[in-house]
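Keep in mind that what you see is a predicted model, and the values were worked out from it rather than measured.
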Amino acid sequence: MPQGSSHRPHQVAVIVDEGTNPFEVGVATELFGLPRPELGRPGPLYEVTLCAPAPEIRMNHGFFTLTGVRGLDAVDRADTLVVPGRPDNVVPRAPAVLDAIRRAHARGTRVMSFCTGTFALAEAGLLDGRPAATHWRWADSFRRLHPKVLLEPDVLFVDEGDLLTAAGSAAALDLGLHVWRRDHGAEIANHVSRRLVFATHRDGGQRQFVERPVPDVRDESLAPLLEWAQERLGEPLTVADLAARARVSPATLHRRFRAQLGTTPLAWLTGERVALACRLIERGEERLDVVAARSGLGTAANLRNRLRRVTGLSPSAYRRRFGAGAGEALVT
């Protein structure tokens, strides 16, 4: 997957089609188009170009018309292509847009869709036989139109390497932060998420929506428990410990995690520990047993297994890519 060279930022092209949702275009530019002096880098890590099939593009519901953007030839210089969604999913995309998407994918460009932008990727023929996510509201319509796609209707996003699909507008932020972590590591992704005032890490396998996003009873909020646990990840915390802290049974805690976070207590705890292990490696800790102990993952073997499962990399490979002192081997 192209990541740009050391001499230029990673190029991100965003296709703006007729009727595109402005929010998702804004998400793409907020994620990848802003200067980020807080990272302490000499230049931007990404550059965003908006491109369209016509000089003037009417946005969703005609709220405004977008002008002054590049033509679709900008796609041919992109390392990543972002395809936002639009509400009229039964209306075919412009042939020029579909050709640009196919052309980008064929040359090895990473292709991402936000919300119902998945329809465009499917219409371009990129998703047949592959898993994908889209907004739950249009899942049935998507299945009827694209039966060969392996739709996963209840996840936030799907990362297939060269093809990434986000379920909804807010899930586009989750996918974007996932891409920051994938490209530049957990520490930099944390800086980006803090500036967005957005959750640092929501795994793609979490559910799109929860039964009770705002608890009916104030005391049922998980926020105090999560903060307490995050300060003690290196301790031998278990789900039973979390339940005891919350003064509920493990079964009740499980229901509250499902309702409020869309995941299980154990999955949340493991995800937080892996994220902490990544940050420790990035900050220069070389001893795997120390990383495993301080992150609560226990053993170096468990650390290797969990890190590879989440990032696709061994600890040594992760450190070479994201850590201080690149190129030095981890001490095992």
Self-check item: Centroid-centroid distance, Phe322 to His184, less than 6.0 Å
Solution: no
Quiz prompt | Residue Glu231 excluded, over 12 heavy atoms near CD under 6.0 Å | solution = yes
Exercise. Verify salt bridge (Lys or Arg N to Asp or Glu O under 4.0 Å) between Asp183 and Arg110, making sure each step is shown before the conclusion.
Key: CA-CA 12 Å; Asp183 289 353; Arg110 177 171 61 188; 2.8 Å; yes
Quiz item: Taking all atoms of both residues into account, what is the closest heavy-atom pair of Arg181 and Ala186, and its distance?
Solution: CG-CA, 4.2 Å
Quiz item: Below 4.0 angstrom, N of the basic side chain to O of the carboxylate: do Glu285 and Arg287 qualify?
Solution: yes
Quiz item: For atom CZ of Arg130, is the number of surrounding heavy atoms from other residues, nucleotides or ligands below 6.0 Å larger than 12?
Solution: yes
Exercise. Please report the closest heavy-atom contact between Ala104 and Val75, naming both atoms and the distance.
Key: CB-CG1, 3.4 Å
Practice problem: Enter the distance from Arg182:CZ to Leu175:CG here, rounded to the nearest 0.5 Å. | Solution: 9.0 Å
Quiz item: What closest approach, in Å, do Leu233 and Glu272 show between heavy atoms, and which atom pair accounts for it?
Solution: CD1-O, 3.8 Å
Quiz item: Without hydrogens or angle criteria, can the side chains of Thr299 and Asn302 be said to hold a donor-acceptor pair below 3.5 Å?
Solution: no
Quiz prompt | Test of ring centre spacing under 6.0 Å for Tyr46 and Trp180 | solution = yes
Practice problem: Quick one: pull up OG1 in Thr49 and CZ in Phe32 and give me the separation to the nearest 0.5 Å. | Solution: 13.5 Å
Practice problem: Evaluate side-chain contact (heavy atoms from CB on, under 4.5 Å) for Thr67 paired with Thr65, printing each intermediate quantity in order. | Solution: CA-CA 6 Å; Thr67 62; Thr65 298; 4.2 Å; yes
Exercise. Could you walk me through whether Arg86 and Glu24 pass salt bridge (Lys or Arg N to Asp or Glu O under 4.0 Å), step by step?
Key: CA-CA 9 Å; Arg86 67 179 197 187; Glu24 289 149 27; over 6 Å; no
Practice problem: Step by step, work out the side chain to side chain donor-acceptor pair (under 3.5 Å) result for Arg102 and His105. | Solution: CA-CA 5 Å; Arg102 294 186 191 103; His105 185 251; over 6 Å; no
Quiz item: After noting the C-alpha distance and the side-chain angles of Ile15 and Val82, does the key distance pass the side-chain contact (heavy atoms from CB on, under 4.5 Å) rule?
Solution: CA-CA 6 Å; Ile15 287 186; Val82 177; over 6 Å; no
Quiz item: Side chains of Ser113 and Thr118: donor-acceptor distance under 3.5 Å anywhere?
Solution: yes
Self-check item: Matching residue for Pro87 among Thr20, Thr116, Asn21 - test: side chain to side chain contact (heavy atoms under 4.5 Å, CB included)
Solution: Asn21
Quiz item: Checking salt bridge (Lys or Arg N to Asp or Glu O under 4.0 Å) for the pair Asp76/Arg103: CA distance, chi angles, key distance, verdict?
Solution: CA-CA 8 Å; Asp76 298 325; Arg103 197 166 65 243; 2.6 Å; yes
Practice problem: Test Glu38 against Arg195 for side-chain contact (heavy atoms from CB on, under 4.5 Å), laying out the working first. | Solution: CA-CA 9 Å; Glu38 68 272 16; Arg195 181 164 166 180; 3.1 Å; yes
Exercise. Decide whether Arg255 and Thr252 meet the rule of one side-chain donor and one side-chain acceptor closer than 3.5 Å.
Key: yes
Practice problem: Could you tell me how the ring of His146 sits relative to the ring of Phe142: parallel (under 30°), tilted (30 to 60°) or perpendicular (over 60°)? | Solution: tilted
Self-check item: For Leu98 against Ala120, the heavy-atom pair lying closest together
Solution: CD2-O, 3.7 Å
Quiz item: Backbone N or O of Asp79 within a donor-acceptor pair of the Thr109 side chain at under 3.5 Å?
Solution: no
Quiz item: Would Leu237 end up clustered with Leu266 when hydrophobic side chains under 4.5 Å apart are linked, directly or stepwise?
Solution: yes
Quiz item: Are Leu34 and Val25 connected in a single hydrophobic cluster, I mean Ile/Leu/Val/Met/Phe/Trp/Tyr linked by side-chain heavy atoms less than 4.5 Å apart?
Solution: no
Exercise. Of all the heavy-atom pairs spanning Pro53 and Ile57, show the shortest one and how long it is.
Key: CD-CD1, 3.9 Å
Quiz item: With no hydrogens and no angle check, do the side chains of His10 and Thr80 hold a donor and an acceptor under 3.5 Å apart?
Solution: yes
Self-check item: Worked check of side-chain contact (heavy atoms from CB on, under 4.5 Å) between Leu31 and Val48
Solution: CA-CA 9 Å; Leu31 281 165; Val48 169; over 6 Å; no
Exercise. Looking only at non-hydrogen atoms, find the nearest pair between Ala172 and Val27 and report the distance.
Key: CB-CG1, 3.9 Å
